[in-house]
Novice: 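Quick one: this structure, given as structure tokens, is what I'll be asking you about.
As a basis for the values below, the full set of heavy atoms in this structure was taken, side chains included, without hydrogen atoms, waters or symmetry mates. In this text the structure is predicted, and so the values were computed from the model without any measurement.
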Amino acid sequence: MSGERYNPRESEPKWQKTWDDAKSFVTANDDPRECYYVLEMFPYPSGRIHMGHVRNYSMGDVVARYHRARGKNVLHPMGWDAFGLPAENAAIERKTHPGSWTYQNIEAMKAQLKSMGLSIDWTREIATCSPDYYQHQQSMFIDMLEAGLVTRKSSKVNWDPVDMTVLANEQVIDGKGWRSGAPVEQRELTQWFFKISDFAEDLLEALDTLTEWPEKVRTMQRNWIGKSEGLRLLFEIEPSDKTDATSIEVFTTRPDTIFGASFVGLSPDHPLTTALAASNPALADFVVECHRHGTATETLEKAEKQGFDTGLRVKHPVIAGATLPVYVANFILMDYGTGAIFGCPAHDQRDLDLARKYGLSVKPVVLPPGADAASFEIGNEAYVDAGNIFNSDFLDGLSIEDAKKKIAEYFGARTVDGKSQGQVEVNYRLRDWGISRQRYWGCPIPVIHCEVCGTIPVPKKDLPVKLPEDVTFDKPGNALDHHPTWKRVHCHQCGSPARRETDTMDTFVDSSWYFARFTAPHADTPTVPAVANRWLPVDQYIGGVEHAILHLLYSRFFTRAMKATGHVDLSEPFKGLFTQGMVTHETYKSAAGEWVNPTEILIEATGDTRTAKHLKTGAPISIGSVEKMSKSKKNVVDPDEIVATYGADTARWFMLSDSPPERDVQWTEAGVEGASRFQQRVWRLVNEAIELRDRTAEATASDEKEALGLRRIIHRSVHGVGQDIEGLRFNRAVAQIYELTNALTKALQGQTGTATRAAILEGAEKLTVLLSPMMPHLAESCWEVLGKAGLVADARWPEVDGAMLVDDTVTLPVQVNGKRRAEITVAKGTPAPEVEALVLSLDEIVRILEGKAPKKVVVVPDRIVNVVV
RNA sequence: GCGGGCGUGGUGAAACUGGUAGACACAAGGGACUUAAAAUCCCUCGGCUAACGCUGUACGGGUUCGAUUCCCGUCGCCCGCACCA
């Protein structure tokens, strides 16, 4: 037995079947033990898993198996984020149905995930494209519609001309569609929206309660919500024949600078601009010009500030008799605040750029600390920092904060057009979540448009509104809309002809509640609240940081909306969040500059230099930088091949070793081989250890002491590995397991006594359990060899003997002036004066002191000694 | 520009609340076993030095008996947001 190498190809499928047959990972909702819910972000069924999945699911599986070993009732499900555009694209390319393509991919990926030996409860598997799932989403949509959490409104939307669909603001990155990469256009469409902005304040404030989330993600969400407090302020328009409007409302966060105002600015999309442009062709041209730049130019920041003088003037609200010009300016956004501002060039860079260009006045009203009020001037840079107000009549001398308060009170007490002139207001950058998508492969929005009754929800008894099967994709655009009959219905209320809504929901809706559905995946209601409330929030959620805003913010909103409609009784879906790093690999290029896959090349190393050549042609290949694995750079490694060659345990182990999980990890051939070697080492160790049982032992004097030392290491490892797994420091857990293995291997070589042999056997057994969350198949094989009953998958995490963690002696480093010169071993807790005396009698210290008395001796008991001379 | 993070050997990295810098692994070099290879085992491995030693955690200062860790400044890299009034 011991001579045989461990063969993962035989053993891994065997144990996977054993777990399946024993239903080892099926979780019962009525299990009374403490619950623990661990979830990895579910995958899009692209057809193949990649190394990023291997890393993600390995981490989740370690957490799941560890907590199961700690005696908890663990929920660890898996499903498929199965709606979305790639299926439609595949349908066009291959003339198949998006559904059949998707389900084939699911089968293929499921087989791959199963080969990884994950402790997943597959009885809870869900696919969001199944009516079993999306009917509940439709049902909740209706609940939310009735609760006033959904609206339909006409708005300017981001239109992706390649995917021919609408995108949410969050899905536009650098002016391009997040998926297609095409420059996004602006269009006016009637859309369905979730009223996420109603929850802006709550979503912002609750971030503080998410203490187990990375600070980075919380910051990103905070910025995205973008809260700003300011003042809505009315400017009176001087009577003019150009307009009937009597006032302009602006939003400002700097009302303290009102005395420095030199113009009022309007967005090119402001209603007043539109009205003025109707009778002013030059202004109309200017607006068109702004739009051209607004969408086509990516580098908005570099675009020059431009303005157009409308000829209107407004009364200066605090300087009697003064008036200000009204400009339309290209940098003012319609969808923030009121779409109008007042410009204070001295203290805002954009305003300053505009003022310099058109010769408007620049009057400083905030004096930097230490500056001289008489001589202070603004050059080409606006002053935006702290200071005291000056040049501002009744605000003079106040701090910015105090001036803001005072001026708000001042305007609050005055009226323009019968309204309060100034109102304190909080603004958010977060917009409502537009969910209409003009696509077939998504969850149908369950409403109809009746000629008589208007837009009304489909009755719940008629759900699901199923997607038609017989669709064609020969025309661009929405196949659902093109379907000859699907959308034609009769109103369930009045019987009049009606039209089904042909928009489907953004796929981010699907992923906003799947974690709740997993708690009762077969229920005939969206959730079973009592069950969901018991499992949720997810204790540990693990996934990529690329979802820091979109998915995580939507899920937080949706959970609140589900709470408002009685489907769950909590607000925050994810208690602990962990964002893992990417998997990277070296890149390779041929002389012709084409990317080459790692499997096609041969690397030769001589000393420290590595060269590569093509496996077949022998042509030289240049080794490039380390990049995220991607198809385009061909630096991908296929998990299937790795599992076939080395086994799943090796792949899992390597993905957990070396790099901290939140950082990127580099996939290397040498690294995998190291992991594979370790697998064999453990196998050999366990097999050799077991032979000790059959041999007679000799008694030696040092035996007891050696055994105790070994047992200390064993217990420290059990303790440390557990701590590291709980803290998700998998790389350190791995390092500790290496140390334990090294110690046991060494002990095995020299052992002679009974006690040491017993300790080695104890170590082999505990090592097996420590290993089981990471290399579960190997651990089962070792468990079997050790002759233990049952499965290690069901074994309890070893108890730590607290006495083994504390040593009764301690070795203190002895420093002289902060440099280590000697060490001294004393009983733990030896008082400082005693230690000092011992240290001063050390040969090394006596030699260095040369008879002189030390200036000072610092003794930190059980830690360190520092002699200062 | 704003916000956040990071900078430690040839490489990935450890170092708990300020207390022996480089655990653990990879790579490299040397040796043992072998007809040979693979596998395995042993040794070396931050820099300078023959050695005693000296020096070293991006760089420059500071606090401290003692700093990878705390503070100030500089440089570099990464990520997010970006005309948000």
Novice: Using the P atom in both, what is the distance from A23(B) to C45(B), to the nearest Å?
Specialist: 11 Å
Novice: Just compare A39(B), A82(B), G19(B) and give me whichever is closest to any side-chain atom of Arg5(A).
Specialist: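 Closest nucleotide to the Arg5(A) side chain: A39(B).
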Novice: Each nucleotide N or O in nucleotides 20-26 of chain B that has a protein N or O under 3.5 Å away: list the pair and distance.
Specialist:
{"from": "U20(B)", "atom 1": "O2", "to": "Arg820(A)", "atom 2": "NE", "distance (Å)": "2.7"}
{"from": "A23(B)", "atom 1": "O2'", "to": "Glu739(A)", "atom 2": "OE2", "distance (Å)": "3.2"}
{"from": "A25(B)", "atom 1": "OP1", "to": "Asn742(A)", "atom 2": "ND2", "distance (Å)": "3.2"}
{"from": "C26(B)", "atom 1": "OP1", "to": "Arg677(A)", "atom 2": "NH2", "distance (Å)": "3.3"}

Novice: So which nucleotide from A85(B), C16(B), C41(B) ends up closest to the side chain of Arg863(A)?
Specialist: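 Within the option list, the nearest is C16(B).
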Novice: Within the structure shown, what part of the strands sits under 4.0 Å from Val868(A) by heavy-atom distance: base, sugar-phosphate, or nothing?
Specialist: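 Sugar-phosphate, no base atom in range.
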Novice: Under a 90° cut-off about 0 for the syn range, is G9(B) syn or anti?
Specialist: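 Because its glycosidic torsion lies within 90° of 0, G9(B) adopts the syn conformation.
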Novice: Can a side chain N or O of Lys216(A) be found less than 4.0 Å away from OP1 or OP2 on G4(B)?
Specialist: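 No, outside the criterion.
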Novice: Name the closest nucleotide to the Arg663(A) side chain, picking from A13(B), C41(B), G66(B).
Specialist: A13(B)
Novice: As a test of understanding, state which of Phe308(A), Phe342(A), Tyr358(A) forms a ring-ring contact (aromatic ring centres under 6.0 Å, His included) with Tyr327(A).
Specialist: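 Passing option: Tyr358(A).
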Novice: Under the side chain to side chain donor-acceptor pair (under 3.5 Å) test, which residues partner Arg716(A), sequence neighbours left out?
Specialist: none
Novice: Looking at residues at least two apart in the chain, or sitting in another chain, which of them share a side chain to side chain donor-acceptor pair (under 3.5 Å) with Thr809(A)?
Specialist: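 Testing Thr809(A) for side chain to side chain donor-acceptor pair (under 3.5 Å), a comparison that skips the adjacent residues, returns none.
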Novice: Give none if C59(B) has no partner; otherwise give the nucleotide forming a Watson-Crick or G-U wobble pair with it, both distances under 3.5 Å.
Specialist: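 G73(B) - that is the nucleotide pairing with C59(B), both distances being under 3.5 Å.
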Novice: For atom P, what is the distance between A13(B) and U8(B), given to the nearest Å?
Specialist: 9 Å
Novice: Begin from the C-alpha positions of Asn635(A) and Glu627(A) and carry the test side-chain hydrogen bond (donor to acceptor under 3.5 Å, both in side chains) through to its verdict.
Specialist: CA-CA 8 Å; Asn635(A) 61 338; Glu627(A) 309 267 359; over 6 Å; no
Novice: In whole Å, measure the gap between the C1' atoms of U11(B) and G66(B) for me.
Specialist: 31 Å
Novice: Any salt bridge linking Arg821(A) with Glu844(A)? Criterion: basic side-chain nitrogen under 4.0 Å from a carboxylate oxygen.
Specialist: no
Novice: When rounded to the nearest Å, what value does the distance between C1' atoms of C79(B) and C41(B) take?
Specialist: 46 Å
Novice: Distance check: side-chain N/O of Arg350(A) vs OP1/OP2 of A85(B), anything under 4.0 Å?
Specialist: no
Novice: How close or far is atom C1' of G3(B) from atom CZ of Arg429(A), stated in whole angstroms?
Specialist: 12 Å
Novice: Between G22(B) and C16(B), how many Å separate the two P atoms, rounded to a whole number?
Specialist: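 Taking atom P in both G22(B) and C16(B), they lie 13 Å apart.
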Novice: Do Asp353(A) and Gln349(A) pass the side-chain hydrogen bond (donor to acceptor under 3.5 Å, both in side chains) test, and can you show the C-alpha distance, the side-chain angles, and the key distance before you say yes or no?
Specialist: CA-CA 6 Å; Asp353(A) 292 346; Gln349(A) 192 59 46; 3.2 Å; yes
Novice: C1' atom, G62(B) versus U69(B): distance in rounded Å?
Specialist: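 Rounded to whole Å, the distance is 15 Å.
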Novice: Mind checking Arg821(A) for me? I need base, sugar-phosphate or nothing, with any heavy atom below 4.0 Å counting as a touch.
Specialist: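 Sugar-phosphate, no base atom in range.
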Novice: Using the benzene-type ring in the case of Trp, are the ring centres of Trp653(A) and Tyr738(A) under 6.0 Å apart?
Specialist: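 Under 6.0 Å, so yes.
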Novice: Can you tell me, in whole Å, how much space there is between the P of A14(B) and that of C2(B)?
Specialist: 31 Å
Novice: So what's C83(B) paired with, Watson-Crick or G-U wobble, going by both distances under 3.5 Å?
Specialist: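 WC or wobble partner does not exist here.
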